[in-house]
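Computed over heavy atoms, backbone and side chain alike; hydrogens, waters and symmetry mates excluded. Order of the sequence lines sets the chain letters (A, B, ...), proteins ahead of strands, with each chain counted from 1.
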2 protein chains.
Amino acid sequence: MATDPERLLRTDAARNVERILRSARKVFTESGPDAQLDEIAQHAGVGSRTLYRRFPNKAVLAKAALEQGIAEYIAPAIEQALLDDDPLRALTSVIDAAMGLAAQEHNTLAAARRAGAVISDAIGPYYTSLTLLARRAQQAGRIRADLVPEDLPRIMAMLFSLLWTMDPASEGWRRYLSLILDGMSPAAATPLPEPVPLRPSSQPRNWPI
Amino acid sequence: MATDPERLLRTDAARNVERILRSARKVFTESGPDAQLDEIAQHAGVGSRTLYRRFPNKAVLAKAALEQGIAEYIAPAIEQALLDDDPLRALTSVIDAAMGLAAQEHNTLAAARRAGAVISDAIGPYYTSLTLLARRAQQAGRIRADLVPEDLPRIMAMLFSLLWTMDPASEGWRRYLSLILDGMSPAAATPLPEPVPLRPSSQPRNWPI
DNA sequence: ATGCAAGTGGCAGTCAACCGCCTCTTTGTT
DNA sequence: AACAAAGAGGCGGTTGACTGCCACTTGCAT
């Protein structure tokens, strides 16, 4: 998950990684996004040196913790959505699930954001399924034809950013999801400007590289 | 700008504040969002202790630096827009100006973001004019009637967040502005969910208060 | 069961943000 | 010109993220 040679971890090490991520989510949620990494390590029952061995910095840790949450919440939501016979409802139900998780884990999200991580590409593993859902909605004529897959993580990024302008639990983001869905409707007339490429790997990104 | 009793600063102190902000913008732009505050102080020709006296932390500094840029770029754009006889073009021209500044100063923006500041309320002083422009467009039937003033900073926040998903200079955000404008069109049918209040003062916001 | 690679975690150290203290300089007023 | 208040900034200190070193433990292949 953080070691360079994508090698399998020993079972005890894998268990530690799991516990660290779960502790990170819990501690961020309870103590806020400025929670110290030592506290997380302690909560996980490992030495802080072990935490740092697996996760080189706070950005990677917070993002990985978020990915754990995503795996638990979004993956099942996608499973369900793929079975839905209303393709627009299928797509929005996944967005709903993602926003629900984001609101619930907003402190973890905030920690990742403050550490400089770009969240939108945490959807990574589900990009393909998400694209499929969008294409289905397109083919059914429920969303405009000129949308491309790269639009999805960006729309998610826009929705996420709303959480800092409101009480995250308020579901006030639904208003803007509605606005954006109106913009995504096939009835929307204005032809869209050309899409530009996503930032390749928008991870810890220190300077000048 | 940071002192509690909103008192006037001595002229030399005001000059220093000015220089610090200008240096912050320059140094962030040239050395990236992780630039050290000592470097900024040095560039401004003041001691680091002076910088910290005026700006209690990096978030406040970066946000104030951004506000300096806003004052220089957005204020004139609003002046012009208020004279425009096409109210939709007037509104979008201001958004254009804001995004142009944001793209140009994306490192300062990133510094503020990483330090935990919420950028959308940096529009503060221009909220009234922006609201006026929006209301004009509404009365001319160019944008839907159910939009409220609080929607504007949030739409700006959404657009800003796009910058981290692309090369900030690419103007790729125009695609999503277009999408959102389609959603803002009076032709858009879906009634919007109720708006929720903006976060009161979304500034340094340490935990648990 | 055993040997070794893989993993752990304590310790001490670096580096940057940020603060209190305290002396010296500058401004604006009379 | 003279003075009180405001401001500057050096120094040393604290805190939290993160690292190298290294002796100790543990999973697992044989």
* Asked: S129(B) and I78(B): which non-hydrogen atoms are nearest, and at how many Å?
  ->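 The pair with the smallest heavy-atom distance is CB-CG2, 3.6 Å.
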* Asked: Which atom names give the shortest non-hydrogen contact between A71(A) and Y126(A), and what distance separates them?
  ->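 The pair with the smallest heavy-atom distance is CA-OH, 3.3 Å.
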* To do: Convert the base pairs of DNA chain C into dot-bracket notation, remembering that pairs crossing earlier ones are written with [ ] and that bases paired across to another strand are shown as |; include only Watson-Crick or G-U pairs under 3.5 Å.
  => ||||||||||||||||||||||||||||||
* To do: Show your reasoning for whether salt bridge (Lys or Arg N to Asp or Glu O under 4.0 Å) applies to R174(B) and E171(B).
  => CA-CA 6 Å; R174(B) 290 192 185 280; E171(B) 306 221 329; 2.8 Å; yes
* **Pairing of E72(A) and R25(A) as salt bridge, 4.0 angstrom limit** => yes
* **Distance, rounded to the nearest Å, where Q42(B) contributes CD and dG10(D) contributes P** =>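 Between P of dG10(D) and CD of Q42(B): 10 Å.
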* So do R144(B) and D182(A) actually touch side chain to side chain, heavy atoms under 4.5 Å? ->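 Yes, at least one pair of side-chain atoms sits under 4.5 Å.
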* To do: Compare all side-chain heavy atoms of M166(B) with those of R154(A) and state whether any distance is below 4.5 angstrom.
  => yes
* To do: For the pair L147(B) and L152(B), evaluate side-chain contact (heavy atoms from CB on, under 4.5 Å) and give the outcome as yes or no after the intermediate values.
  => CA-CA 9 Å; L147(B) 290 173; L152(B) 290 171; over 6 Å; no
* Polar side chain donor-acceptor pair, E39(B) to S31(B), under 3.5 angstrom -> yes
* Donor on one side chain, acceptor on other, D151(B) and Y176(A), under 3.5 Å ->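 Present: a donor and an acceptor within the cut-off.
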* Asked: Going 5' to 3' along nucleotides 15-20 of chain D, which nucleotides have protein heavy atoms under 4.0 Å from the base (write B), which only from the sugar-phosphate (write S), and which from neither (write -)?
  -> -SSBBB
* To do: Summarise protein proximity over nucleotides 22-30 of chain C in one line of letters, 5' to 3': B for base, S for sugar-phosphate only, - for none, counting protein heavy atoms closer than 4.0 Å.
  => ----BSS--
* **Exceeds 12 heavy-atom contacts within 6.0 angstrom, atom CD of Q80(B)** =>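 Atom CD in Q80(B) is not crowded, with 12 or fewer foreign heavy atoms closer than 6.0 Å.
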* Asked: For N16(B) and dG7(D), is the shortest distance between a side-chain N/O and OP1 or OP2 below 4.0 Å?
  ->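 For dG7(D), neither OP1 nor OP2 has a side-chain N or O of N16(B) closer than 4.0 Å.
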